[in-house]
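In what follows, a single structure is set out as structure tokens and then discussed.
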Number of protein chains: 2
Amino acid sequence: MDSPRKATRIQREKREIILAAALDAFSEDGLRGATLEKIAEKAGMSKPHVVYYFGSKDAIYTELLQSLLDVWVQPLRDLSEDADPLAAILTYMRRKLRMSQDMPRESKMFATEILHGAPRMRPQLSGELKALVDEKAALIAGWSAEGKIARVDPHHLIFSIWAMTQHYADFDIQVEAVLGEERKPGLYDEADAFLTEFFVRALRP
Amino acid sequence: MDSPRKATRIQREKREIILAAALDAFSEDGLRGATLEKIAEKAGMSKPHVVYYFGSKDAIYTELLQSLLDVWVQPLRDLSEDADPLAAILTYMRRKLRMSQDMPRESKMFATEILHGAPRMRPQLSGELKALVDEKAALIAGWSAEGKIARVDPHHLIFSIWAMTQHYADFDIQVEAVLGEERKPGLYDEADAFLTEFFVRALRP
DNA sequence: ACAATTTTTGACCAAATGGACAGAAAAACA
DNA sequence: TGTTTTTCTGTCCATTTGGTCAAAAATTGT
């Protein structure tokens with residue numbers, strides 16, 4: 001456990017189980033609200049056992065956050081030249097929307113962290129993330145300048161995609177409460193249709 | 001304090017001070033993360049004094065939330081028939097954006113509460129709020145049907161306004177990190193310009 | 001000025017919680 | 001099989017924290 005030789009199968013498995021349980025707990029109650037005991041219970045093991053594998057609650061939280069970050073920005077990484085720039089942006093938006101649908105817990109964890117000042121992500125936000133966004137913003141700005149899409153501020157366009165797609169995961173309770181139970185099943189199809197049409201209208205030259 | 005006669009001036013003032021301090025604390029750290037001691041410190045009084053006025057931390061939190069709800073939905077209440085439907089929607093969007101700019105702490109408090117399941121707001125979300133949104137959605141649907149604005153799902157349109165405007169308050173740390181310090185001063189002007197253009201393009205018939 | 005009421009706080013308490021520790025159980029290795 | 005290493009847990013501890021309580025200080029009313 002200490003000297004990082006080879007992680008045994010059992011070690012990887014247990015760590016996975018704990019991380020899954022922790023994601024559950026953290027997304028529900030936040031770092032402060034989630035307790036080691038609850039995580040241990042969800043993971044089906046004792047509290048000291050959880051500490052044995054990660055050292056502290058904070059360490060679990062931080063590791064989860066870091067490992068999720070890569071997954072989270074992958075769709076943006078994949079945004080690139082395409083037959084049709086508008087289609088590329090729509091694909092990006094759709095992938096983000098799908099991530100909201102498939103990974104609401106991850107979305108909520110990030111949202112909570114950033115909402116509270118992102119104390120353990122600041123460097124990455126203004127470092128890697130800023131660099132990535134700047135790069136893709138330049139790409140979009142190019143399309144914009146060439147008249148392939150409408151003239152828009154690319155940074156704010158990216159923010160709008162983040163905002164609108166993550167809204168459905170982060171504030172799902174509100175969305176479902178306002179729409180009513182009966183519209184819940186087709187919710188993400190509705191959102192997809194709305195957002196697609198919306199961005200097409202807003203972005204086509 | 002017990003029998004609710006007339007609240008003296010001093011009582012109202014102290015309660016105001018405590019609520020302001022609590023808003024500060026809750027928006028920074030959430031319900032769980034904010035401590036009575038920190039609230040008391042920010043309010044410049046002792047911990048038991050805070051309890052004396054509100055009974056419990058939870059009570060402060062709940063009262064804050066309830067009293068803010070009215071303010072929060074007022075812009076939507078004010079959405080009504082207008083010379084120009086599109087202008088009416090833009091005005092609504094702008095008011096929401098201004099609220100994000102002027103009341104980021106309130107925005108964060110709501111966001112955190114909803115993110116964590118809105119345990120003490122559910123009834124209002126599916127009650128009053130749903131009713132209000134349904135009413136305004138019908139109004140927008142009317143405009144849409146008459147061809148005064150583009151055909152859009154009015155509920156999702158409202159969500160998109162919530163999402164995009166509140167994003168700037170709730171995730172300000174991320175927005176500022178990605179844009180860089182130098183774009184911070186004119187941020188809300190940029191956002192206003194972007195969103196206005198964006199919604200105009202998306203909504204005009 | 002004096003009594004009654006309200007406001008304010010220091011001291012204290014009980015519950016919750018993150019984590020330490022020693023040793024049991026199990027697994028790996030010889 | 002015996003030994004060593006890893007995995008696992010019961011028990012305990014220190015800290016944090018929401019809240020109580022008695023009494024002091026200030027205010028109000030007469």
Side-chain angles (χ1 to χ4, degrees), chain A residues 1-65 112-113 116 119-120, chain B residues 1-26 28-65 109 112-113 116 119-120:
Chain A
M1 216 43 266
D2 276 340
S3 47
R5 295 182 190 172
K6 52 186 175 185
T8 77
R9 178 185 51 84
I10 227 174
Q11 280 170 354
R12 274 196 309 274
E13 282 178 4
K14 292 289 178 181
R15 286 177 66 93
E16 279 311 305
I17 291 174
I18 292 172
L19 286 175
L23 174 60
D24 235 51
F26 288 139
S27 67
E28 280 172 18
D29 301 319
L31 171 57
R32 285 262 165 70
T35 70
L36 270 176
E37 198 155 353
K38 196 168 228 165
I39 295 172
E41 190 192 326
K42 281 176 191 276
M45 54 189 78
S46 70
K47 198 170 64 170
H49 198 189
V50 173
V51 176
Y52 170 72
Y53 273 108
F54 284 90
S56 72
K57 186 173 82 165
D58 226 84
I60 307 176
Y61 184 80
T62 302
E63 176 153 340
L64 252 186
L65 219 52
T112 305
E113 173 70 9
H116 291 0
R120 55 211 92 206
Chain B
M1 216 44 266
D2 276 338
S3 47
R5 295 182 191 173
K6 52 188 174 184
T8 77
R9 178 184 52 84
I10 228 174
Q11 282 171 353
R12 274 197 309 273
E13 282 178 4
K14 293 288 179 182
R15 286 176 66 93
E16 279 310 306
I17 291 173
I18 293 172
L19 287 174
L23 174 59
D24 235 50
F26 288 138
E28 280 172 19
D29 303 319
L31 171 57
R32 286 264 166 74
T35 70
L36 270 177
E37 198 156 353
K38 194 167 230 167
I39 295 172
E41 190 193 325
K42 280 176 192 277
M45 55 188 77
S46 70
K47 198 170 64 169
H49 197 190
V50 173
V51 176
Y52 170 73
Y53 272 108
F54 283 90
S56 73
K57 186 172 83 165
D58 226 82
I60 307 176
Y61 184 81
T62 302
E63 177 154 338
L64 252 186
L65 219 51
M109 228 189 109
T112 305
E113 172 70 8
H116 292 359
R120 53 210 91 204

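Since we're looking at a predicted model, the values are computed, not measured.
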Report the distance from atom [atom1] of [X] to atom [atom2] of [N], rounded to the nearest whole Å.
X: B:H49; N: D:dG19; atom1: NE2; atom2: C1'; value: 15 Å
X: B:F54; N: D:dG18; atom1: CZ; atom2: C1'; value: 16 Å
X: A:E13; N: C:dA27; atom1: CD; atom2: C1'; value: 14 Å
X: A:R15; N: D:dT6; atom1: CZ; atom2: P; value: 16 Å
X: B:R12; N: C:dT7; atom1: CZ; atom2: P; value: 12 Å

>> Between B:Y52 and D:dG19, is there a contact of a side-chain N or O with OP1 or OP2 at under 4.0 Å?
In response: no

>> Quick check: do B:F54 and B:L19 have side-chain heavy atoms less than 4.5 Å from each other?
In response: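 The answer is yes, as the side chains (C-beta and beyond) meet within the 4.5 Å cut-off.
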
> Does the side chain of B:T112 reach to within under 4.5 Å of the side chain of A:T112, using non-hydrogen atoms?
Replying inline: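 Answer no - side chains too far apart.
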
Where do N or O atoms of nucleotides 22-27 of chain D meet protein N or O atoms at under 3.5 Å, pair by pair?
none

> Between A:Y61 and A:E113, does any side-chain donor sit less than 3.5 Å from a side-chain acceptor?
Replying inline: yes

> How would you list all residue pairs meeting salt bridge (charged side-chain N to carboxylate O under 4.0 Å, His left out) that involve residues 44-60 of chain A, not counting sequence neighbours?
Replying inline: A:D58-A:R120

>> Taking salt bridge (charged side-chain N to carboxylate O under 4.0 Å, His left out) as the cut-off, I'd like each qualifying pair that reaches into residues 17-28 of chain A, sequence neighbours left out, listed once.
In response: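 Residue pairs with at least one partner in residues 17-28 of chain A: A:D24-A:K42, A:D24-A:R105, A:E28-A:K42.
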
> With respect to the side chain of B:Q11, which nucleotide from C:dT9, C:dT6, D:dT6 is positioned closest?
Replying inline: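 Of all the options, the side chain of B:Q11 is nearest to C:dT6.
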
> Taking only residues two or more places apart in sequence, or in another chain, which ones meet A:E16 in a side chain to side chain donor-acceptor pair (under 3.5 Å)?
Replying inline: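 A:E16 satisfies side chain to side chain donor-acceptor pair (under 3.5 Å) with no other residue.
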
>> Which residues pass the side chain to side chain donor-acceptor pair (under 3.5 Å) test with B:E63, not counting sequence neighbours?
In response: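 Testing B:E63 for side chain to side chain donor-acceptor pair (under 3.5 Å), a comparison that skips the adjacent residues, returns B:R15.
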
>> With rounding to the nearest 0.5 angstrom, report the CG to CG distance, B:L23 to B:L64.
In response: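 So the gap between those two atoms works out to 5.5 Å.
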
>> For a quick check, with a 4.0 angstrom heavy-atom cut-off, what is the B/S/- contact string for nucleotides 12-26 of chain C, read 5' to 3'?
In response: -----SBBBB-----

